[in-house]
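Lettering of chains follows the sequences in order, A, B, ..., and the numbering in each one begins at 1.
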Amino acid sequence: MDKVYNHKDVEEKIYKVWEEKGYFKPEVNPKGKPYCIILPPPNANAPLHFGHAMYVVEDVLIRYHRMLGNAALWLPGADHAGFETQFVFEKKLQKEGKSRFDFDRNTLYKMIWDFVQENRGGMESQLRRLGFSLDWSRKKFTLDQDIIKIAYQTFKKLYDEGFIYRGDRLVNYCTKCGTSFSDLEVNHKEQKDPFYYIKYGPFVLATVRPETKFGDTAVAINPEDKRYQKWVGKEIEVQGVNGKFKVKVIADDLIDPNFGTGVAKVTPAHDMKDFEIGKKHNLDIVQVIGFDGKLNEKTGKYQGLYVRQARKAVAEDMQKMGLIEKIDENYIHTIETCYKCETTIEPMLLPQWFVKMERLAKTAIDVLKKGEIKFHPQRFEKTYLDFLENIRDWNISRQIVWGIRIPAWKNSKTGEWVITEGEAPKGESWKQDEDTFDTWFSSAQWPFSTLMANCDCDGSGGFFDRFYPTSVMETGYDILRWWVARMVMVGIYRTGKVPFRNVVLHGLVNDPYGKKMSKSKGNAINPLELVDQYGADAVRFALIYGNATGNDQALSYPKLDATRKFTNKLWNMGRFIEMNRTSAFAKASTVAKALADKSADKQNSIEELLELAKNNNDREMIEKTKQLTNEITKHLESYNFNYAAESLYEFAWHEFADKYIEDIKDRLNPESYIILNTLYLTLLKLLHPFMPFVTEEIYQRFKFGESVMIDKWPAFAVAKALADKSAGKPSL
RNA sequence: GGACCCGUGGCUCAGUUGGUAGAGCGUCUCAUUUACACUGAGAAGGUCAGAGGUUCGAAUCCUCUCGGGUCCACCA
C-alpha cells in the first residue's frame with residue numbers, strides 16, 4: 001500500500017466495477033426484505049447543485065440496508081422540470097434573437113427535447129462520482145411514455161371521480177412568462193406604493209390600483225359598519241375618468257371597517273378577494289387587463305398602456321379632475337410576484353384545470369395522525385400539517401409546451417369535454433387542450449409511477465407490488481409542500497397506500513459565509529470540484545458530520561480537510577496492519593500460518609473473538625467495537641446520521657488508532673493479530689455506508705477482492721454467528 | 001398577521017429521556033521520522049444571547065425580551 005491514500009486512483013475504478021457486477025440492484029439480496037428509496041429526480045437539464053450532494057443520506061441508508069441483507073432498491077430518475085426548463089430554453093432563444101412564438105408547438109417541443117438530451121448525461125455522471133449506489137438499469141424520466149400513461153390514468157381517475165374541475169377562477173398569471181401558476185409558485189414581496197384616497201360617489205375609498213377602476217362592479221362595506229349602512233343595496237353614481245358610471249353598494253364581512261376608509265371598490269376580474277366577493281353577490285366580472293399585461297378596449301384612451309403606465313396616467317387624470325382626496329406615499333403592502341422572473345403577478349380570469357384538494361388533504365393528514373408516516377426530524381410535521389389544513393385547490397394547468405399535455409378534448413360544436421388516457425376521442429370536432437400539466441402533478445406520482453413502470457425481470461412479480469410503499473423519502477425540507485405533501489395525497493389516492501413510511505428531511509448547504517448559494521449571486525460551488533479535490537468519501541462525510549439532520553449548514557473547507565485526513569488515517573491504519581502481517585506470524589505455529597494466508601481475514605463474531613482473546617486490552621477493544629456496532633446501528637435506525645458519523649470518527653481515530661494500535665504494536669502475536677485484523681474490518685464495514693470508496697479499496701486488498709459493499713453488516717454477522725454456534729457449527 | 005429555525009470556546013458546528021460543557025479548524029508547548037507530518041502527547045480558551053420561572057439539579061423544559069435567517073398569509 002502506498003504511504004498516502006489517493007482517491008483519484010480508486011473512486012472511478014471502483015464505481016465501475018460495482019456497476020458492472022450489478023451490485024446496485026436489489027437482486028444482490030434476492031431473498032431479502034424489500035427496502036426502497038426513490039431518488040428525488042433532479043432536473044434532467046441542469047447540472048447538480050449542492051443540494052443534490054445531500055442525497056448522500058439516501059446512499060448511507062441504502063448501503064446500510066443492503067448490508068443488512070435487504071433487497072435494497074434506490075431508483076434514479078430525471079425530471080423534465082417543465083416551466084424551469086422552458087424558461088431556460090426561451091432565454092437561449094432570446095440570445096439567438098428568436099422567441100417561442102416563432103415556432104409551432106411540435107417544433108418547439110422537439111427543440112426543447114433535443115436541448116435536454118444534450119445536457120442530460122451530465123447530471124447522471126455527477127451522481128456516479130459521488131458514489132451513489134443507484135440502480136441505473138431502472139432509471140426513469142418524467143416524459144417516458146409509460147410514465148406519461150400513468151399520469152393520464154391518474155388524471156382520468158380524478159376526473160371521473162369528481163376531483164377535477166375546469167375552473168372559471170382567478171389564477172396567478174405572469175404576463176411576462178405567459179403562464180399561470182399554483183399558489184406555491186408565487187412569491188410575496190413587500191413594496192411601497194402610493195395609496196390613493198379617491199372620491200367615489202358619496203364615498204372616499206383607498207386603493208393602490210386606480211387603473212382597475214374600469215372593472216369595478218360594486219362598492220363594498222362591512223355589514224356592521226354603521227357609517228355607511230344606509231347605502232347598502234342602493235346604486236350609486238360615480239364620476240370616473242371616462243365619464244360617469246353606476247355601481248351597487250354591497251355589504252360583506254370580508255371588508256375590514258378599520259382599514260382605509262372602510263369602503264372598498266370591488267373589481268372581481270383582477271383581485272382574488274374581490275372575485276370571492278363577486279361570486280357571493282353575483283357581480284359581473286369585467287376584465288380590463290389583457291394577458292399581455294396591457295389595458296384593453298374597455299378602458300378607452302388608456303387601452304394599450306401597461307398596468308404601471310396606466311396607473312400613473314389614470315391617477316394624474318383623476319388628480320386633474322379633483323377626484324383624489326389625498327395620496328399616502330408611504331404605504332407598504334405585499335404584492336405577489338412571479339417566482340421566476342419577479343414580474344408582478346396579475347390575477348386573471350382564465351379557465352384552468354383544478355384539483356379539489358380538501359378530501360385528498362384529509363387523507364394525508366390522517367395517515368400522519370395514525371402514524372403510518374413519520375417525519376424525521378419530527379418538527380417538519382408542523383409544516384406539513386399547516387399546508388394541508390389550509391389547502392386550496394390546485395391549479396395544474398400551465399400554458400407551456402414542455403411537459404405532459406393535458407389529455408382533455410373539447411368538442412367545438414357542443415362545448416363538451418372528454419378526458420382520456422391519452423388517445424384522441426373518435427369523431428370530428430374534438431380539439432385537445434393546449435395546456436400541459438404542472439410538473440409537480442407528475443412528480444407527485446413519482447413513487448408509484450416509477451415502480452409501476454418497472455418490471456421485475458426475474459419474474460417474481462412487479463416492482464410496484466414488491467417495493468411499494470417505499471421505505472423512505474429523503475429530500476430537502478424546502479420542497480416539503482411542493483412535493484412531499486402532494487406525493488402523499490396523490491399516492492394514497494391512486495394506490496390506497498402511503499407512498500413512503502418515513503420522510504427524512506435535510507437542510508440547505510450554504511456557502512462558507514452562510515449565504516444561500518445561487519447561480520445568479522455567483523457563489524454557487526460545484527460539488528464535483530470538491531470531489532476532485534478532497535475525494536467523494538471526504539465530501540460525503542463532511543456533509544454528514546457535525547450537522548444535525550434537517551439543519552442548514554455552511555460549507556466548511558476546514559471540515560473537508562479534516563474528513564480528507566480521516567480517509568488517509570483509515571488507509572494508514574490498514575497499511576500498518578498489512579505491513580505487520582508477516583511479522584506477526586513469523587514465530588507462529590502452522591495453524592497460525594494457515595490463518596495468515598486466508599483465515600485471518602475470515603469474518604469472526606465478537607463472541608468468537610472474545611474466546612480467542614487472552615489480553616485484557618484486546619478483550620476491552622472487542623467489547624468496545626461491539627458497543628460501537630450497536631450504537632451506529634441505533635443511530636442509523638433513528639436517522640441520526642451525524643451521531644453515527646461522529647462516533648465512527650472518534651472511535652476510529654482516537655480509540656482504534658491512537659490507543660489500540662499503539663498498545664498492540666509491541667505485543668503482536670497470531671491471536672492478537674487476528675483480533676486486530678477482524679476489528680479493523682468490522683470498522684470498515686461500519687464506515688462503508690458513509691465512505692464507500694476508501695473502505696472498499698482497503699477491504700478488497702485485505703479480503704482478496706471480496707467486496708465490503710455486498711458483505712454483511714457486523715450486527716448481522718454477530719447474530720448469524722450466534723445462530724451458527726447454537727446450530728453446532730465450529731468457530732474459527 | 002401566523003409559523004419555524006438559529007444565537008454554545010477566535011471560526012464552523014455537535015450536545016439524543018434535564019445529571020459536573022464537546023469536536024474539527026485555529027492558537028500555544030512538547031515528542032517523534034513513525035502505519036500515518038494528511039502524525040502523536042498535552043495546554044490555553046465558554047457567565048451555553050439576555051431576563052424570569054419549573055426542578056435537588058437547566059445549554060437542555062416553560063414564559064418574555066433582543067439579535068440573525070427561513071417559510072406561510074386574498075387586508076382593498
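- Checked against B/rU39, B/rG24, B/rA35, the side chain of A/Asn572 finds its nearest nucleotide in B/rA35.
- Look at A/Tyr545 and you won't find any side-chain N or O under 4.0 angstrom from OP1 or OP2 of B/rA14.
- OP1 or OP2 of B/rC4 sits under 4.0 Å from a side-chain N or O of A/Lys382.
- Rounded to whole Å, the C1' atom of B/rA59 lies 11 Å from the corresponding atom of B/rG46.
- The phosphate of B/rU70 (OP1 or OP2) has no side-chain N or O of A/His188 nearer than 4.0 angstrom.
- Between B/rC38 and B/rA44, the two P atoms lie 27 Å apart (nearest whole Å).
- Of all nucleotides listed (B/rC75, B/rG24, B/rC36), B/rC75 comes nearest to the side chain of A/Phe259.
- Look at B/rC25: its Watson-Crick or wobble partner, with both distances under 3.5 angstrom, is B/rG10.
- Seen from the ring of A/Phe702, A/Arg581 counts as a face-on cation partner, given the 6.0 Å and 45° thresholds.
- Counting only N and O atoms by type, the side chains of A/His7 and A/Asp537 include no donor and acceptor under 3.5 Å apart.
- Dashed line: the shortest gap from a side-chain N or O of A/Arg575 to OP1 or OP2 of B/rU34 is not under 4.0 Å.
- For the OP1/OP2 pair of B/rA76 and a distance below 4.0 Å, the side-chain nitrogens and oxygens of A/Tyr331 include at least one atom meeting the criterion.
- Using atom C1' as the reference point in both B/rA43 and B/rU70, the two lie 41 Å apart (nearest Å).
- The partner of B/rC61 is B/rG53, judged by Watson-Crick or G-U wobble contacts that both fall below 3.5 Å.
- Under the 30°/60° scheme for interplanar angles, the aromatic rings of A/Tyr331 and A/Phe195 are found to lie parallel.
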**Request:** Could you go through the side-chain hydrogen bond (donor to acceptor under 3.5 Å, both in side chains) check for A/Tyr64 and A/Glu637 one step at a time?
**Result:** CA-CA 10 Å; A/Tyr64 163 64; A/Glu637 291 292 339; 2.6 Å; yes

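- One finds no side-chain N or O of A/Lys273 lying less than 4.0 angstrom from the OP1 or OP2 phosphate oxygen of B/rC75.
- One can place CG of A/Asp386 at 14 Å from C1' of B/rU70, the figure rounded to the nearest angstrom.
- For A/Lys189 and B/rC71, the shortest distance from a side-chain N or O to OP1 or OP2 is not below 4.0 Å.
- Applying the Watson-Crick and G-U wobble criteria (two distances, each under 3.5 Å), B/rA31 pairs with B/rU39.
- Of the charged side-chain nitrogens involved, at least one lies within less than 4.0 Å of a carboxylate oxygen, so that A/Asp561 and A/Arg564 count as a salt-bridged pair.
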